[in-house]
There are 2 protein chains.
Amino acid sequence: MTEPLACAQCPVRDRAACASLNDEERRELARSGRTKLLGAGETLFAAGDDNANCATLVTGALKIVSLSPDGTERILSLIHPAGFAGELFAPFTDHDIVALTESRVCLFSRPQFEDAIDRFPKLGAALLRRTQEDLHDARRWLDLAQSGDARHKVGGALMAFAKAASDSPCHPASTFELPLSRAELASLLGLTIETVSRQITRFERDGGIQRHGKRGIELLDPALLAEA
Amino acid sequence: MTEPLACAQCPVRDRAACASLNDEERRELARSGRTKLLGAGETLFAAGDDNANCATLVTGALKIVSLSPDGTERILSLIHPAGFAGELFAPFTDHDIVALTESRVCLFSRPQFEDAIDRFPKLGAALLRRTQEDLHDARRWLDLAQSGDARHKVGGALMAFAKAASDSPCHPASTFELPLSRAELASLLGLTIETVSRQITRFERDGGIQRHGKRGIELLDPALLAEA
DNA sequence: CGCCTAGTTGAAGTTCGTCAAACACTGTGG
DNA sequence: CCACAGTGTTTGACGAACTTCAACTAGGCG
């Protein structure tokens with residue numbers, strides 16, 4: 001289930017928060033961490049947990065979900081490789097964090113990670129930077145969620161995934177795989193599965209995209225999606 | 001317009017990020033800051049700015065707004081006293097920050113504030129904590145925005161303001177003033193003015209609240225608002 | 001082959017947005 | 001003092017967009 005860290009081969013070793021550390025500091029932090037492999041759908045942290053851990057995502061993708069009392073799930077955020085999962089200050093988590101695909105994380109106990117932040121201020125600064133980016137991201141999704149129009153929402157989400165799939169952060173990838181099912185897309189956007197499906201076919205009919213299989217998207221006319 | 005800081009009388013001196021500093025450190029930080037008084041509707045930072053400043057809110061309330069190309073404004077977040085405004089890492093801001101009511105802020109130049117974080121790691125940790133709380137907050141609004149149902153959205157917003165108005169952070173205040181106009185509420189929730197108005201009158205008709213003037217709200221049945 | 005899940009498509013019902021009018025409140029000027 | 005305009009809010013009628021319900025299609029795997 002869990003193994004010691006092997007930072008040397010880590011694919012996110014110079015993008016994650018720990019990239020701010022020098023080799024010696026990193027070794028020290030690594031001693032308190034473990035890597036863990038999650039299967040698709042497996043939950044990393046559950047709402048109501050005592051919030052004793054935190055983690056950095058190495059490969060795969062996570063979702064942060066809120067479950068309403070009536071059982072419907074809403075996706076509040078996605079975590080991409082090098083992203084950070086967990087809250088350092090709240091006594092309890094109130095959201096589930098679940099693997100979307102098979103994922104590998106670096107798991108740390110919260111007290112040990114807090115200790116590391118105390119001793120290596122650069123680590124704290126790096127985490128601050130990442131948290132501010134997450135905040136910015138959350139606000140972008142909020143912006144989409146408020147736009148009211150389903151066409152905007154789906155178009156904006158497609159563009160967001162196209163950008164996330166590209167290596168250069170600004171230009172969208174011309175072809176990519178959706179990381180989410182229709183149901184997950186719907187719960188991310190506050191729509192129903194059917195509406196998402198209809199908007200996607202509409203974009204294809206209008207020549208904005210071309211579908212390849214269930215999840216493959218080829219971007220033909222980015223402008224059409226960005227401002228519909 | 002701007003004056004030197006007077007931390008001794010500051011109403012948020014033990015809740016804002018600078019509360020993490022001791023007296024001497026605080027004095028040093030204070031030398032690089034200025035307080036500024038904003039009239040209602042005045043903008044503190046504008047989208048597209050070079051992002052050279054950041055600020056702590058002392059009194060009043062701010063909103064973070066995104067303006068769509070078509071001119072409609074969407075409120076992404078509110079900033080309450082002791083809250084922090086500005087991004088330390090992005091080269092440009094892409095959201096306006098505007099005063100909702102007459103507000104007083106502590107303004108710092110970004111390089112000087114970053115410098116202070118470097119020298120006083122506790123300040124960085126405090127800011128990290130605050131940013132994580134902001135992130136949590138943004139996700140709560142996102143949760144509301146996704147709920148789809150206008151009744152949930154308005155009910156949730158009323159409860160959020162009731163809690164913000166109370167001294168104890170968990171229990172809602174039984175009577176409070178809405179900090180936002182109907183138009184602002186609408187743009188925060190992704191609804192129209194009319195829908196917000198209708199939902200509020202519906203809550204009053206159903207006995208959940210009692211209105212006192214345009215902005216005054218008396219909370220009669222919190223459970224009705226929380227889970228409608 | 002048949003079941004099961006994920007996705008698409010269609011028809012009907014509801015909610016919310018749009019347009020329009022009325023109302024309350026404030027401040028201004030006759 | 002009152003008429004008046006101006007703003008913010010409420011209310012109503014109507015139409016469009018989304019949800020709901022339901023049937024149907026396409027793959028994947030026993």
Side-chain angles (χ1 to χ4, degrees), chain A residues 39-41 63 68 70-75 100-101 144-158 161 177-206 208-217 228, chain B residues 39-41 63 68 70-75 100-101 144-158 161 177-206 208-217 228:
Chain A
K63 60 179 175 182
S68 348
D70 64 5
T72 58
E73 98 167 22
R74 266 170 256 158
I75 298 186
L100 283 168
T101 62
L144 261 192
Q146 288 173 343
S147 61
D149 189 351
R151 193 171 166 83
H152 278 95
K153 292 190 191 178
V154 175
L158 290 177
F161 291 129
E177 290 279 308
L178 286 174
L180 271 57
S181 70
R182 296 289 184 273
E184 286 162 338
L185 261 177
S187 78
L188 178 63
L189 297 173
L191 299 171
T192 59
I193 299 179
E194 294 93 327
T195 311
V196 171
S197 178
R198 278 185 251 268
Q199 295 302 331
I200 291 181
T201 64
R202 199 146 93 85
F203 277 126
E204 186 172 37
R205 225 191 39 218
D206 296 351
I209 61 171
Q210 168 110 30
R211 277 183 287 194
H212 294 105
K214 288 186 187 306
R215 302 243 184 141
I217 299 282
Chain B
K63 59 178 175 183
S68 350
D70 64 4
T72 57
E73 100 167 19
R74 266 169 257 156
I75 298 186
L100 283 167
T101 63
L144 261 192
Q146 289 173 342
S147 60
D149 189 351
R151 193 172 167 81
H152 279 94
K153 293 190 192 179
V154 175
L158 290 178
F161 291 128
E177 290 279 308
L178 286 174
L180 272 57
S181 70
R182 296 291 183 270
E184 287 163 337
L185 261 177
S187 77
L188 177 64
L189 297 173
L191 299 170
T192 58
I193 299 179
E194 294 92 330
T195 312
V196 172
S197 178
R198 277 187 252 270
Q199 295 303 331
I200 291 182
T201 64
R202 200 147 91 85
F203 276 126
E204 185 172 35
R205 224 191 39 220
D206 295 351
I209 61 172
Q210 167 109 30
R211 277 183 287 196
H212 294 106
K214 287 189 187 308
R215 302 237 182 147
I217 298 282

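Just so we're clear, the structure is a prediction, and the values are computed from it rather than from any experiment. Every chain is numbered from 1 and lettered A, B, ... according to where its sequence line falls, protein lines coming before strand lines.
Taking OG from B:S197 and CZ from B:R182, the interatomic distance works out to 6.0 Å, rounded to the nearest 0.5 Å.
Side-chain N or O atoms of B:E184 include one that pairs as donor or acceptor with a backbone N or O of B:S181 at under 3.5 Å. Proximity of a side-chain donor or acceptor of A:D70 to a complementary backbone N or O of A:T72 within less than 3.5 Å is detected.
Side chain B:R215 to base D:dG8: no donor-acceptor pair is found below 3.5 Å. The base of D:dT20 sits within donor-acceptor range of the side chain of A:R198, with an N or O pair under 3.5 Å. Between the side chain of B:R202 and the base of C:dT15 there is no donor-acceptor pair of N/O atoms closer than 3.5 Å. No N or O donor and acceptor, one from the side chain of A:R211 and one from the base of C:dG7, sit under 3.5 Å apart.
Note on B:Q199: every side-chain N or O is 4.0 Å or more away from OP1 and OP2 of C:dT15. Residue B:T201 places at least one side-chain N or O closer than 4.0 Å to OP1 or OP2 of D:dT11.
To the nearest angstrom, C1' of D:dT7 lies 14 Å from CD of B:E184. At whole-Å resolution of the value, CD1 in B:I193 and C1' in C:dC19 are 13 Å apart. If you take CZ of A:R151 and C1' of D:dA16, they are 15 Å apart, rounded to a whole angstrom. The NZ atom of B:K214 sits 13 Å away from the C1' atom of D:dG6 (whole-angstrom rounding). Atom CD of A:E194 is separated from atom C1' of C:dA12 by 13 Å (rounded to the nearest Å). Across the protein-nucleic acid pair, B:I200 atom CD1 and D:dG8 atom C1' stand 13 Å apart, rounded to whole Å.
Applying side-chain contact (heavy atoms from CB on, under 4.5 Å) to B:V196 and the options B:T201, B:L180, B:L191 leaves one that passes, B:L191. Considering B:E204, B:Q210, B:R211, B:E177 in turn, B:R211 is the only one that fulfils the side-chain contact (heavy atoms from CB on, under 4.5 Å) rule with B:I217.
Among the atoms of the strands shown, base atoms are found under 4.0 Å from some heavy atom of A:T195. Across all strands, A:L191 comes closer than 4.0 Å only to sugar-phosphate atoms, never to a base (heavy-atom distances). Looking at heavy-atom distances under 4.0 Å, B:G213 makes no contact with the nucleic acid at all.
Proximity note for A:S181 (side chain, C-beta onward) versus C:dG10, D:dT10, C:dG7: the nearest is C:dG7. Closest to the A:R182 side chain, of the nucleotides D:dT19, D:dT11, C:dT8, is C:dT8.
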